[in-house]
2 protein chains.
Amino acid sequence: MPKARAEAVQKTRIQARSEEAILDAALTVFSTYGYRGATVDQIAAEAGMSKPNLLYYFRRKEDIYVTLLERTLEDWLEPLKALDPDGEPAEELTRYITTKLEMSRDNPAASRLFANEILHGAPMIGDFLKGPLRRLVDDKAAVIRQWSELGRITAIDPYHLIFAIWATTQHYADFEVQVRAVTGKKMSSPPRAIRCSPS
Amino acid sequence: MPKARAEAVQKTRIQARSEEAILDAALTVFSTYGYRGATVDQIAAEAGMSKPNLLYYFRRKEDIYVTLLERTLEDWLEPLKALDPDGEPAEELTRYITTKLEMSRDNPAASRLFANEILHGAPMIGDFLKGPLRRLVDDKAAVIRQWSELGRITAIDPYHLIFAIWATTQHYADFEVQVRAVTGKKMSSPPRAIRCSPS
DNA sequence: TCCGCTCTTGACCATTTGATCAAGAATTAT
DNA sequence: ATAATTCTTGATCAAATGGTCAAGAGCGGA
């Protein structure tokens, strides 16, 4: 057993490479089949190693999953964090929406990974949702409400606005097969951001 | 083995009751744990019968799942079918959005069942998406485009409008735990429909 | 070079789980 | 009533799957 994991000492080149390969493979497999549907064998095969070898780096299937989620959670919140209270509302919201849409387009697997986790009741990241995520959303909702009260944007419930943005942007990643089936092809042009006209 | 299944003869009272109980239980279990995550034992327990007894009515786990999906698919499309080309656009769209929202609120389990199926690539209802669903959407998209061209509503891509409606309405069912975690409680008031101002 | 540590894997184990079967209980038709 | 049919379940099976182990291969520092 490598010291690295237990004592957080420096990692071997091989360790770094293997863990990366495993997490890459895990993202592909978990996002496609869900936590329960994915098998360790599948992930190992996708990562190009034997199952015992994979389990040498991550003792349990759950460890891979949790590590994967944690690794991506922070990135996922970055765009919302960047919403600037002192910026121009329309500009800020447009940038947020655009960034989210690009992330869904460029990394649909990550989007589906989260979608699946939440759809199943967020058994692993429930605390994260109720803690850090909630605080962040409360914070940014206050910003949007402020904008509303100052008449800089249409009066709108900030939480529902955020939900609407999440829903629409992630839809193209999470329900890609449906979008593809209905349109007959992969969406080339992302939808224009929903425009909020002054009330 | 009952003749009913093979020969589509009239069903026994017991058959009807049992199948109903199974499908009810299956909706609960499948929508919570997904197809792979749900076990036949769980469904049988939830339906109040033994596993072999359940398998007497549905030979395979997959049969329960498919039957369940088929049973709900039609209902799910009803609101979109009702979109009337000759009606008042704002009224028609509002009614459609409201109905979808109510369905998500009243039957979140069904919403999650579909979400899970599609998230995982629609292995069972792929043909339905590419066939009946696509035709219906094409049809109604044409209606919306017509409204656009006549200047009765803002110029907007009909497909993306439909996707936006699907995404936002289902969001409250599919991602309920997230909504709950962020707002700290169950949403009491559904969001107001997105208003499209004339361009 | 040589020794210790890391890495890798075939074989194996225990549990879960979808599915079967035979035998008995309940129901229905005559 | 009684025979035929339908319904129900305990016991059981085979496959899949998460996880272990021991033994060997590979690598790096002295």
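Each chain gets a letter, A, B and so on, in the order its sequence line appears, and its residues count up from 1.
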Task: Linked, directly or transitively: Val29(A) and Leu119(B) (ILVMFWY side chains, under 4.5 Å) - done: no
Task: Note: Glu20(A)-Arg71(A) ion pair, threshold 4.0 Å (strictly below) - done: yes
- [ ] Round to the nearest Å and state the distance from Leu55(A) atom CG to dA22(D) atom P.
- [x] 16 Å
- [ ] Take atom CZ of Arg36(A) and atom C1' of dG18(D), then tell me their distance rounded to the nearest Å.
- [x] 11 Å
Open item on the list: Determine whether a donor-acceptor pair (N or O, by modelled atom type, separation under 3.5 Å) exists between the side chain of Lys140(B) and the backbone of Leu83(B).
Closed with: yes
Task: Partners passing side-chain contact (heavy atoms from CB on, under 4.5 Å) against Ala82(A) (at least two apart in sequence or in another chain) - done: Arg95(A)
Task: Atom-to-atom span, OH of Tyr35(A) to C1' of dG18(D) - whole angstrom - done: 9 Å
Tell me which donor-acceptor pairs under 3.5 Å the side chains of residues 120-135 of chain A have, and how far apart each pair is, sequence neighbours excluded?
unit_1	atom_1	unit_2	atom_2	d
His120(A)	ND1	Asn116(A)	O	3.4
His120(A)	NE2	Asn116(B)	OD1	3.4
Arg134(A)	NE	Val182(B)	O	3.2

Open item on the list: Under the side chain to side chain donor-acceptor pair (under 3.5 Å) definition, can you give me all pairs with a residue in residues 78-91 of chain A, not counting sequence neighbours?
Closed with: Glu74(A)-Lys81(A)
Open item on the list: Nearest whole Å is fine: how far is dT17(D) P from Ile64(A) CD1?
Closed with: 15 Å
Task: For atom CZ of Arg59(A) and atom P of dT20(D), their distance in whole Å - done: 7 Å
Open item on the list: For Leu27(A) versus Leu113(A), what's the shortest heavy-atom pair and its separation?
Closed with: CD1-CD2, 4.1 Å
TODO: Over all heavy atoms of both residues, which pair between Ala115(A) and Phe175(B) is shortest? Give the atoms and the distance, please.
DONE: CA-CE2, 3.7 Å
Please write out the pairs of protein N or O atoms and N or O atoms of nucleotides 9-12 of chain C separated by less than 3.5 Å, giving the distance to one decimal.
unit_1	atom_1	unit_2	atom_2	d
dT9(C)	OP2	Ser50(A)	N	3.3
dT9(C)	OP2	Ser50(A)	OG	3.1
dT9(C)	OP2	Asn53(A)	ND2	3.3

Is there any protein nitrogen or oxygen under 3.5 Å from a nitrogen or oxygen in nucleotides 27-30 of chain C, and what are the pairs?
unit_1	atom_1	unit_2	atom_2	d
dT28(C)	OP1	Arg13(B)	NH2	3.4

- [ ] Could you check which residues of residues 37-44 of chain B get a heavy atom under 4.0 Å from DNA chain C? Sort them by number, please.
- [x] Ala38(B), Thr39(B), Val40(B)
Task: Sub-4.5 Å side-chain heavy-atom contact between Tyr35(B) and Glu117(B) - done: no
Task: N/O donor-acceptor pair under 3.5 Å between Arg112(B) side chain and Thr32(B) backbone - done: no
Task: Integer-rounded Å distance: dT15(C) P and Arg60(A) CZ - done: 17 Å
Task: Under 4.0 angstrom between Tyr57(A) side-chain N/O and dT8(C) OP1 or OP2 - done: yes
TODO: Answer yes or no: is there a side-chain heavy-atom contact under 4.5 Å between Tyr65(B) and Arg60(B)?
DONE: no
- [ ] For Gln15(A) and dC5(C), give me the distance from atom CD to atom C1', rounded to whole Å.
- [x] 12 Å
Task: Whole-Å gap separating P (dT8(D)) and CD (Glu19(B)) - done: 11 Å
